[in-house]
Amino acid sequence: TNLIKTSVLEVFMESFQPSRIMRNNMINYMAETKYFDIISIDLANKKNLVSLAPLENKDLEEFYNSNENSFVVPEHRSFDYISIGKDFFSKKINVNEEEIKDYYYANKNEFDNKPYSLAKKEVQEILQAAKLEDLINQISKNLEEDVAAGLPLQEIATKHGIKISSVAPIAKDILVADDKLNLSEIADSVFEMVESEVSYPMEIPSENKVVLLELKKIIQSRKQEFEEVKAQISSILTDKAIATENIKILEQVQKDYNAKKISMESLKNKGVMVENNKTITRADFVNEEKISRELMHFIFKTEKGDVTTLVKDDKKAYFAFVKDDKVNVAKAKKITDTSLTQVTNTIREGVLQELIGYLAEQNDVKVEM
């Protein structure tokens, strides 16, 4: 078996200069622009919807048995906690004028020889941050000693003059996502404790906060019974049936779509919406956020005068009608002016990879990368 080192190929490729035609082809490819309409329907749309066949109990039970994991109530936990944060610490931190001056004159070089009047605020912030860190460490140490001594949370809270807050039974994912509680950073710890356990102090650096909690109750995960979720299943299946009917409506529109002969009023009556005169350039594909990436992929694969494949997400189904396809001259010039080196390197890399692949395939060559 022959052995080709890619370093040899790379030396060869250093002298390779893409032709002007090759570069222009790449630039034109990146500047290719599609002009299109987007035709969509809300999957929950009920306009002109024929009456749906009534759901039978066996349909509901079949769905329930096929989707048991969807009807599991996750473990919930309730707990009491004390939170020592900004308000508590701010009352205990004081930086006086003498401390600021002493620090400034002892570390004057750190402030680019700014006069005291200009550096005072910066020095004050440094001292406050240092005192805050020391205070958090001291409070944490005191709380650790209280927990080690076996004190219940109520007694610890009373001792330090801190109000206890309570959290009703809550699932872990809800606790993580709850912005009001701001306890996501300790969610793992909450769900590792046993009932009646008092945690050691947990710091939440992003909040400059120390939290101590006592776990009250654990409600185990369980599978919901069919009767509990019967109404929910009925709603799910009804929504699915409505979505299916809407997709059928849009598929018929897609099949007969003619941009010059469509009746906007007729489409509107069916719940179909048309977004006219949209454009996307291949070079802007990555940065486009308003159009589905899947739909954009199909738009660039579709010829002028044709419709794309129908795609859908959780809320809508849609397709695009490609009205025109041409090179955007202004975009091509911009790519030439700002990205010519990148284009050249991309061509080189592509040629190198093609060459390596070709040699390996033709000669059963082992390529050492």
Side-chain angles (χ1 to χ4, degrees), residues 27-56 59-60 62-63 67 231-335:
I27 290 168
N28 289 340
Y29 174 79
M30 296 304 295
E32 180 187 7
T33 301
K34 296 282 189 174
Y35 300 79
F36 56 95
D37 296 338
I38 294 179
I39 301 88
S40 65
I41 193 167
D42 186 339
L43 295 180
N45 163 59
K46 296 180 181 179
K47 287 187 175 182
N48 295 334
L49 195 63
V50 297
S51 58
L52 300 173
L55 294 167
E56 297 183 9
D59 298 322
L60 306 182
E62 182 180 341
F63 185 86
N67 297 274
Q232 180 183 348
I233 294 173
S234 178
S235 177
I236 291 171
L237 292 181
T238 299
D239 289 344
K240 282 179 175 290
I242 292 172
T244 298
E245 290 300 317
N246 281 312
I247 289 173
K248 288 179 181 178
I249 291 171
L250 193 63
E251 284 176 337
Q252 188 59 49
V253 171
Q254 178 193 33
K255 179 181 177 181
D256 303 330
Y257 195 81
N258 185 322
K260 296 180 179 179
K261 297 181 180 179
I262 59 170
S263 166
M264 297 301 291
E265 189 64 28
S266 174
L267 292 181
K268 186 176 180 181
N269 289 336
K270 295 177 182 179
V272 176
M273 303 299 294
V274 179
E275 299 174 66
N276 291 305
N277 303 323
K278 304 187 75 66
T279 64
I280 180 70
T281 301
R282 195 182 293 276
D284 298 329
F285 190 105
V286 175
N287 298 321
E288 176 58 55
E289 296 179 352
K290 294 182 180 180
I291 304 174
S292 156
R293 195 158 295 278
E294 185 180 8
L295 182 60
M296 285 194 290
H297 172 74
F298 285 123
I299 287 171
F300 278 100
K301 289 182 66 176
T302 302
E303 299 294 330
K304 174 182 176 181
D306 288 339
V307 295
T308 68
T309 298
L310 190 145
V311 299
K312 63 185 179 70
D313 54 32
D314 292 336
K315 295 182 178 180
K316 288 185 176 183
Y318 35 82
F319 68 90
F321 172 73
V322 178
K323 302 165 78 171
D324 203 354
D325 179 0
K326 56 187 177 183
V327 173
N328 185 317
V329 177
K331 179 65 69 173
K333 184 177 186 305
K334 184 177 180 181
I335 293 172

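The first residue in the sequence is number 1, and the count goes up from there. Any value given below was found using the heavy atoms of this structure, including those in side chains, with hydrogens, waters and symmetry copies removed.
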Can you tell me if K270 and N45 form a side-chain donor-acceptor pair at under 3.5 Å? no

Side chain to side chain contact (heavy atoms under 4.5 Å, CB included) partner of I262, the single match among L267, I39, V272: L267

Report the distance from atom [atom1] of [X] to atom [atom2] of [Y], rounding to the nearest 0.5 Å.
{"X": "K290", "Y": "I38", "atom1": "NZ", "atom2": "CD1", "result": "11.5 Å"}
{"X": "H297", "Y": "S292", "atom1": "NE2", "atom2": "OG", "result": "11.0 Å"}
{"X": "T238", "Y": "L55", "atom1": "OG1", "atom2": "CG", "result": "5.0 Å"}
{"X": "D325", "Y": "T33", "atom1": "CG", "atom2": "OG1", "result": "8.5 Å"}
{"X": "I249", "Y": "T244", "atom1": "CD1", "atom2": "OG1", "result": "11.0 Å"}
{"X": "D313", "Y": "E294", "atom1": "CG", "atom2": "CD", "result": "9.5 Å"}

What closest approach, in Å, do [X] and [Y] show between heavy atoms, and which atom pair accounts for it?
{"X": "Q254", "Y": "T308", "result": "NE2-O, 2.8 Å"}
{"X": "I247", "Y": "A317", "result": "CG1-CB, 4.3 Å"}
{"X": "T309", "Y": "F319", "result": "O-CB, 4.0 Å"}
{"X": "L60", "Y": "L237", "result": "CD2-CD1, 3.8 Å"}
{"X": "D42", "Y": "N246", "result": "O-ND2, 3.4 Å"}

Taking C-beta and beyond as the side chain, do [X] and [Y] meet within less than 4.5 Å on heavy atoms?
{"X": "D306", "Y": "V322", "result": "no"}
{"X": "L295", "Y": "F36", "result": "no"}
{"X": "Y318", "Y": "M273", "result": "no"}

Main-chain N/O of S266 paired to N269 side chain as donor or acceptor, under 3.5 Å: no

Please verify the inter-ring angle class for Y257 with F321; under 30° counts as parallel, over 60° as perpendicular, anything in between as tilted. tilted

Does the side-chain contact (heavy atoms from CB on, under 4.5 Å) test come out yes or no for K255 and V307, once each step is laid out? CA-CA 9 Å; K255 179 181 177 181; V307 295; over 6 Å; no

Audit row: K278, I291, side-chain contact (heavy atoms from CB on, under 4.5 Å) steps and yes/no: CA-CA 10 Å; K278 304 187 75 66; I291 304 174; 4.3 Å; yes

Please check if the number of heavy atoms outside K34 that lie under 6.0 Å from its NZ is greater than 12. yes

Is it true that K248 and E245 make a salt bridge, defined as a side-chain N closer than 4.0 Å to a carboxylate O? yes

